[in-house]
Trainee: 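Below is a structure I'd like to ask you about.
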Amino acid sequence: MPDCLFCGIASGAVPATLVLESARTLAFRDINPQAPIHVLVIPRDHVRDLAAAAADEGLLAEIATQAHQVAVAEGIADTGYRVVFNTGGHAGQTVHHVHAHVLGGRPMSWPPG
Ligand code: 5GP
Ligand code: ZN
């Protein structure tokens, strides 16, 4: 997947500010943060979207666990945080390498836009 931005980050070819790593995942700061804390958790390997991730046993559990660990490390686990998978066109997914957004550090409204 040479054209995938997040594969580039996973390989180190594209610079990013790392927050945490696990065996199969990487967490790094979003380049255009939508909250005081905005971190993306991705699988190191290219996985297209949530459907493909769901077919990979254990991967989503590791991503969700890592999302929580990011919240702990960033000091937002107690105040609360939001974890979002934008999936497909209506959700506005722009990078087609599955990623969980971890957002926090301010109160958030619901429903999302
Ligand atoms: P999506 O819209 O696909 O759910 O989210 C993609 C996210 O990737 C966006 O929040 C966007 O700001 C972030 N992003 C896009 N390009 C880069 C980049 O080069 N580096 C980092 N760290 N984040 C990026
Ligand atoms: Zn990729």
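Each ligand, and each atom within it, is numbered from 1 in the order the structure gives. Worth knowing before you read on, the calculation uses all heavy atoms, side chains too, and leaves out hydrogens, waters and symmetry mates.
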Trainee: Applying salt bridge (charged side-chain N to carboxylate O under 4.0 Å, His left out), which residue pairs with at least one partner in residues 9-38 are found, sequence neighbours left out?
Mentor: Glu21-Arg44, Arg24-Asp56, Arg29-Glu74

Trainee: Only to 10 degrees, please: what angle do the ND1 atom of His97 and the ND1 atom of His46 make about the Zn ion (ligand 2)?
Mentor: 110°

Trainee: What are the two closest heavy atoms between Ala53 and Val47, and how far apart are they?
Mentor: N-CG1, 3.4 Å

Trainee: Do the side chain of Gln34 and the main chain of Asn32 share a donor and acceptor less than 3.5 angstrom apart?
Mentor: yes

Trainee: Under 2.8 Å from the Zn ion (ligand 2) - does any N, O or S atom of His96 fall there?
Mentor: no

Trainee: With His97, which residues qualify under ring pair (Phe, Tyr, Trp, His ring centres under 6.0 Å), at least two apart?
Mentor: His46

Trainee: Between the side chain of Gln93 and the main-chain N/O of Val95, is any donor-acceptor distance below 3.5 Å?
Mentor: yes

Trainee: So does Phe85 get a backbone contact from the side chain of Thr87, meaning a donor-acceptor N/O pair under 3.5 Å?
Mentor: yes

Trainee: Tell me which residues fall inside the under-4.0 Å heavy-atom shell around ligand 1.
Mentor: Leu5, Phe6, Ile9, Phe28, Arg29, Asp30, Ile31, Asn32, Leu40, Asn86, Gly92, Gln93, Thr94, Val95, His99, His101

Trainee: Pairs under 3.5 angstrom only: tabulate donor-acceptor contacts from the side chains of residues 76-83 to other protein residues two or more places apart or in another chain.
Mentor:
from	atom 1	to	atom 2	distance (Å)
Thr79	OG1	Ile76	O	3.4
Tyr81	OH	His68	ND1	2.8
Arg82	NH1	Ser109	O	3.1
Arg82	NH2	Ser109	O	3.0

